[in-house]
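Take a look at the structure set out below.
All of these numbers come straight from a predicted model, not from anything done at the bench. Chain A is the first sequence line, chain B the second, and so forth, proteins listed ahead of strands; every chain is numbered from 1.
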Amino acid sequence: MIFPATFLLWLMTFSCHVRLHPHRYGFATLAPHGQCMALVGRIAAPAVALVLAARMGGVTGVLMWFSSLSIAGLCIALWLASRRH
Amino acid sequence: MRETLRTRMGWLHGWAGFVVGLLAVCIFMTGTLSVFDTEITRWMQPENQVPAYTPLTDTALDAASSLIHEQQVRGVSVFLTLPSARSPTLDVLHYDGRQFVGTLLDPRTGMPIPVRATMGGTFFFSFHYTLLEGTTGTRIVNIAGVILLVAIGSGIVIHIRALVPDIVRLRLSAARLRGWLDAHLLVSVLFLPFTIMIIYTGVLVNAGLILPAIPLANLFVHEKPPTTPASGTKAAPGVPPPLPPLAPLLATARHSLQGRDAGFILFSPDRLSVYASDASGPFLTRDHADFRLPDGRLLGMTTTPGRIAHIMQVMHGLHYARFATPGLRWLYFVSGLCATAMIGSGLVLFLMKRRSRSGHRIGFRVAESLTISTLTGLPVSALAFLWCNRMLPTSMAGRNRMEIGCFLGAWILCAGHASLCTSGRRMNMAWRPQLRLIALLGGGLPVLDALTGSRAVYSLPAIHAAIDGTGLLVAIIVLYIRRRLKGDGE
Amino acid sequence: MTTDRTEDRTRLTRNRIAGIVIACLVSYPVACFVMMDIAGMSGGNATVQLGQIIALAGLPVLIVLCFSAYAGLLSVCAAGCVAIIVGLLVS
């Protein structure tokens, strides 16, 4: 259950990241309040994911955290590409 | 032309990446397959239908003991691999100079399981780190690893500014070169931690081969061949005594190894050593409990203490991933595939950027044919290896050699086809048939499995579904790429 | 004009090849010296392993640094000299 949770948290992180760079990814610019929220999300979500992953044990947790980062990033990128396509 | 840090690093990234990338694709692809080497071996031996977590009985251990004693009497130096979650059989093995061979015993009854001779998944594993060239190959792999790290370092310098903002940017609808560059950057940046970790730990596994712990001056002194044979290599005189019952020794060893499972047992004339299983944790240790022969009295424990030794054990553990659960193993597999895709897309980009300027040159065509024979030829030969395993008669003598022959033969044919097509400057004509062949072999894998090992499919559905499903998925992806290539024209 | 550009490119490529050869020739001994300095400390096999861990992590960085600019090459050479002196002092 930990991998899906960290994966979702990384999805959230990348979504926030995408909204913080609206021109690069073709989104409308966020209001200052929304930008602030996205910034907090981008920082907090990976931290929570790391805490969750650490519960699996040192080495396994770190591996899980990084691989959920990679796969979540890949999923977001593919979704963005298909949206533009 | 003005030389900047970025252009200089771009040149280094391109050339270092291309020169070593051809080799790196082979190393990464076979390394990725090695993540499931035991499972591939089980797929390649459908006669072995022992389910996972089958309990080990004393009868089986006694049978193994007598078989080992029998082999020792014949002067064969054997060891015993104990059942694990991935490989539930009791294996009495010895090294024949090229691979570990021996008898597989049923952990319930101790009866030998008549399995076909095969190279199995260990073929990919040994190819991954030796390129089938022994120590020379391992040294080449290590040097390639360092050059790959240099290519990654220079790549980071080039893209440092857009690294974070563009982390999930992929423009498939843009120009072809842009699309390929985005795809290359996407997999490179997202899988950068994994790629660096796996290359660095891989180089560290055989660090002594490129950074030997001897003074530099001694490197140029010729080593004299030993004049007298080492005394330890001779078989012990006399008949070795029968082994004590193994079950109580395993219980004692488990207690001495702080509850860790035993992985394998080594036998010497006066003692036997029970080693901790590699699957017991991320620290890949060689901790073992020694027992005196023939009475089986515990002699003591051998461990490697110290912080540095533990760091090294973690590095080894991270690379071999033997501690990994099936889920983590799949993450390793996916990450390995993406790292392979990173190198593969880099190779394609290198050629695309130079096609307009150097496409007519012979060097370019050679580079292109090598790229095609690596990117599509290797998957074809890996799949041909699996097909060959099932097509050859099970009782055929030297069938494991035939499997290697089939692997290399398919690869040579692909390389020949690629060079023929690129010499005529028909690049797509080389990619497309080879992609079609991958789709055919990959997509046909479930059918082949069902026709030639249907009983094993029923008894071990997870392993067979995973391997056949992966073959099918590869076929679908390859057909999609082929369609995209068709859209681009000749 | 075209000939000039071709010559320019050839010269640049020659410079770069010389640069990477020098970078490798300088960085590898420096990494070896660093490893041997660390291995020279008391601790037996463990310090050799530590030396290898550090030297192998540093080797690609040293090559990139050497190749990047003249200043990088000089700094790696200086690091190598320091490693040799330390090695001599320790031994």
Side-chain angles (χ1 to χ4, degrees), chain A residues 1-7 10-27 29 35 38-39 41-43 45-46 49-50 52-85, chain B residues 162-174 178-179 182-198 201 279 281-284 310-311 313-339 341-342 484:
Chain A
M1 272 313 283
I2 288 180
F3 180 76
T6 51
F7 176 76
W10 272 112
L11 280 184
M12 197 177 131
T13 309
F14 285 117
S15 311
C16 294
H17 175 79
V18 166
R19 294 314 306 268
L20 283 170
H21 293 91
H23 300 302
R24 280 176 195 270
Y25 298 100
F27 283 96
T29 314
Q35 278 189 11
L39 201 64
R42 195 171 68 168
I43 296 165
L50 185 62
L52 269 179
R55 289 179 62 187
M56 292 194 73
V59 176
T60 313
V62 171
L63 282 172
M64 193 71 87
W65 190 73
F66 275 117
S67 34
S68 50
L69 174 164
S70 311
I71 295 169
L74 202 61
C75 291
I76 285 275
L78 288 174
W79 175 71
L80 287 171
S82 65
R83 188 176 152 269
R84 280 193 154 191
H85 206 53
Chain B
L163 215 61
V164 174
D166 280 352
I167 194 164
V168 285
R169 203 174 195 192
L170 178 64
R171 285 160 289 181
L172 289 177
S173 48
R178 186 75 250 174
D182 275 357
H184 176 66
L185 281 174
L186 183 78
V187 281
S188 307
V189 178
L190 287 173
F191 290 88
L192 191 67
F194 172 81
T195 312
I196 292 179
M197 178 278 284
I198 211 77
T201 53
F283 295 86
L284 193 87
H310 284 154
I311 293 172
Q313 286 164 2
V314 168
M315 296 290 181
H316 282 66
L318 276 172
H319 191 82
Y320 286 100
R322 287 186 183 147
F323 69 98
T325 53
L328 196 56
R329 206 166 276 280
W330 275 108
L331 291 178
Y332 261 78
F333 185 78
V334 172
S335 304
L337 282 184
C338 288
M342 170 193 85
R484 291 286 302 237

#### Entry: Minimum heavy-atom distance between A/Y25 and B/V168, given as atom pair plus value
OH-N, 3.5 Å
### Message
Can you tell me which portion of B/V189 sits under 4.5 Å from chain A's heavy atoms? Options are side chain, backbone, both or neither.
### Response
neither
### Message
Quick check on B/F194 against chain A: is it the side chain, the backbone, both or neither that has a heavy atom closer than 4.5 Å?
### Response
neither
### Message
Is B/L331 in contact with chain A via its backbone, its side chain, both, or neither, using a 4.5 Å heavy-atom distance?
### Response
side chain
### Summary
Between A/L69 and B/L190 the two heavy atoms that sit nearest each other are CD2-O, 3.9 Å
#### Entry: Part of B/L318 within contact of chain A (heavy atom distance under 4.5 Å)
side chain
### Query
What closest approach, in Å, do A/H17 and B/P165 show between heavy atoms, and which atom pair accounts for it?
NE2-O, 3.2 Å
### Query
Using non-hydrogen atoms only, which part of B/F323 is less than 4.5 Å away from chain A: side chain, backbone, both, or neither?
side chain
### Message
Walk me through whether B/F191 and A/L74 qualify under side-chain contact (heavy atoms from CB on, under 4.5 Å).
### Response
CA-CA 9 Å; B/F191 290 88; A/L74 202 61; 4.1 Å; yes
### Point-to-point distance, once rounded to the nearest 0.5 Å, from CG of B/L170 to CD1 of A/I76
12.5 Å
## Note on the structure
Honestly, the part of B/D166 sitting under 4.5 Å from a heavy atom of chain A is both
#### Entry: Best-contacting candidate, A/G58, A/A77, A/A72, A/S70, against chain B by heavy atom pairs under 4.5 angstrom
A/S70
### Query
If you take all heavy atoms of B/M197 and A/L63, which pair is closest and at what distance?
CE-CD2, 3.9 Å
### Task
Give, as side chain, backbone, both or neither, the part of B/R171 having an atom under 4.5 angstrom from any heavy atom of chain A.
side chain
#### Entry: NE2-CD1 distance between A/H21 and B/I167, expressed to the nearest 0.5 angstrom
10.5 Å
